[in-house]
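Just so you know, ligand 1 is whichever comes first in the structure, and atom 1 is the first atom listed for that ligand. Small disclaimer: the values here were computed from a predicted structure and weren't measured.
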Amino acid sequence: GSLEPGWADEVRALARRRDAVLLAHNYQLPEIQDVADHTGDSLALSRIAAESDASTIVFCGVHFMAETAKILSPDKTVLIPDAAAGCSLADSITVDQLRDWKAEHPGAVVVSYVNTTAAVKSETDICCTSSNAVEVVASIPAEKEVLFLPDQFLGAHVRRVLGRENMHVWAGECHVHAGINGATLTAKAQANPDAELFVHPECGCATSALYLAGTGAVPADRVKILSTGGMLDAARSSKAKSVLVATEVGMLHQLRRAAPEIDFRAVNDRASCRYMKMITPEKLLRALREGRDEVHVDPELAARGRAAVQRMIEIGQ
Ligand code: 13P
Ligand code: SF4
């Protein structure tokens with residue numbers, strides 16, 4: 001149905017009544033970001049979820065994010081406005097595939113991106129997000145083999161930054177970021193020679209961004225590989241007049257709020273995550289009125305994944 005004008009006030013009143021904190025990822029619809037108590041990247045939101053004393057967490061994001069909150073806080077009620085909000089990246093490796101891969105590399109340390117299922121986390125040594133992936137891998141003794149999964153572009157970025165040879169990378173990808181490719185980025189960068197480039201490391205173009213910088217086609221100090229939270233910090237301190245943004249388009253909303261004087265433009269304005277956009281004001285209201293969809297994680301799986309997620313929120317503080 002159509003939305004009542006006072007819907008945001010109703011959301012806040014219902015949240016208070018349920019003793020709920022509302023968290024929204026930077027890729028959510030602008031109106032969801034604006035009604036939330038906290039908006040942030042996946043690492044910041046995991047930390048807030050772990051520290052919050054609210055008895056209910058309403059996670060406006062995708063399913064693995066809500067699952068991660070539940071793993072960290074098994075005694076809290078965790079709600080997601082639509083449990084069907086999945087993630088193509090999390091779907092790119094199953095727990096059976098991970099077990100087979102581990103069997104091929106006995107003794108290797110498993111680093112999983114937070115974009116994974118609870119089952120995959122239960123077979124993981126340390127989780128990471130795009131904001132602390134480099135620090136997480138750097139914390140592993142140099143002689144240890146590393147299995148990094150599931151994102152090939154983030155993995156390639158970490159391997160390049162650390163120059164680490166004994167790191168194997170799974171060939172997964174996020175369909176939204178993989179579609180932001182090098183050709184588009186090169187054309188946009190050349191058409192806007194003064195713009196800075198903010199590039200999420202999940203992008204298919206992350207390699208091209210560094211190539212451009214390396215050839216001098218774009219000055220190296222104009223190219224920044226950043227998580228969504230890192231983009232906001234960079235925007236606040238940037239002196240640029242315009243910035244080209246290579247990530248999911250929801251990010252533009254927080255960037256424009258953080259630095260209204262900068263002209264932010266998407267490298268690919270069709271880079272929209274249909275899963276993130278499944279969380280609508282109507283479904284958020286329904287979640288708060290009806291207490292759904294509640295997120296459950298098998299307690300045994302959660303117990304096995306908890307240490308890996310806890311190490312993630314501790315590294316890179
Ligand atoms: P970050 O917010 O950690 O940069 O994550 C990006 C992402 O694709 C989450 O789905
Ligand atoms: Fe998953 Fe990609 Fe959507 Fe993020 S943008 S939730 S990685 S499908």
So, does [X] sit close enough to ligand 1 that a heavy atom of it is under 4.0 Å from the ligand?
X: S130; result: yes
X: N26; result: no
X: H25; result: yes

For ligand 2, which atoms sit closer than 4.0 Å to a heavy atom of [X]?
X: E202; answer: 7 (S)
X: S88; answer: 8 (S)
X: H175; answer: 8 (S)
X: C174; answer: 2 (Fe), 5 (S), 7 (S), 8 (S)

Hey, does T228 come in under 3.5 Å of ligand 1, counting only N/O atoms on both sides?
yes
Report yes if some N/O of H177 lies less than 3.5 Å from some N/O of ligand 1; otherwise report no.
no
For atom 9 (C) of ligand 1, what's the nearest protein heavy-atom neighbour? Residue, atom name and distance, please.
M65 CE, 3.7 Å
Can you report which non-hydrogen protein atom sits closest to atom 7 (C) of ligand 1, along with the distance?
Y27 CE1, 3.4 Å
Distance filter under 4.0 Å to E202 heavy atoms, resulting ligand 1 atoms:
6 (C), 7 (C), 8 (O)
Show the atoms of ligand 1 that are less than 4.0 angstrom away from any heavy atom in S227.
4 (O)
My understanding is that we take every heavy atom of each candidate and find the minimum distance to atom 7 (S) of ligand 2. Doing that for T247, D151, N115, L154, which one comes out nearest?
N115
Winner among Y27, Y275, F64 once heavy atoms are compared against atom 4 (Fe) of ligand 2:
Y27
Taking all non-hydrogen atoms of both residues into account, name the closest pair between [X] and [Y] and its distance.
X: A20; Y: D37; value: O-OD2, 4.1 Å
X: V297; Y: A118; value: CG1-CB, 3.7 Å
X: I313; Y: R47; value: O-NE, 2.9 Å

Take D34 and R257 through the salt bridge (charged side-chain N to carboxylate O under 4.0 Å, His left out) test and state the conclusion after the steps.
CA-CA 11 Å; D34 291 346; R257 275 173 57 152; 2.5 Å; yes
Are S88 and D91 close enough that a side-chain donor and a side-chain acceptor fall under 3.5 Å?
no
For residues 106-117, tabulate all N or O donor-acceptor pairs below 3.5 Å that involve a side-chain atom, not counting sequence neighbours.
| from | atom 1 | to | atom 2 | distance (Å) |
| --- | --- | --- | --- | --- |
| S112 | OG | T124 | OG1 | 2.7 |
| Y113 | OH | E202 | OE2 | 2.5 |
| T116 | OG1 | Y113 | O | 2.9 |
| T116 | OG1 | K121 | NZ | 3.3 |
| T117 | OG1 | V120 | N | 3.2 |

Using the rule salt bridge (Lys or Arg N to Asp or Glu O under 4.0 Å), only one of R265, R222, K224, K188 pairs with E196; which is it?
K224
Atom 3 (Fe) of ligand 2 to nearest N/O/S of C273 less than 2.8 Å:
yes
Fit a plane to each ring of F198 and F264, take the angle between them on a 0 to 90° scale, and name the class: parallel (under 30°), tilted (30 to 60°) or perpendicular (over 60°).
tilted
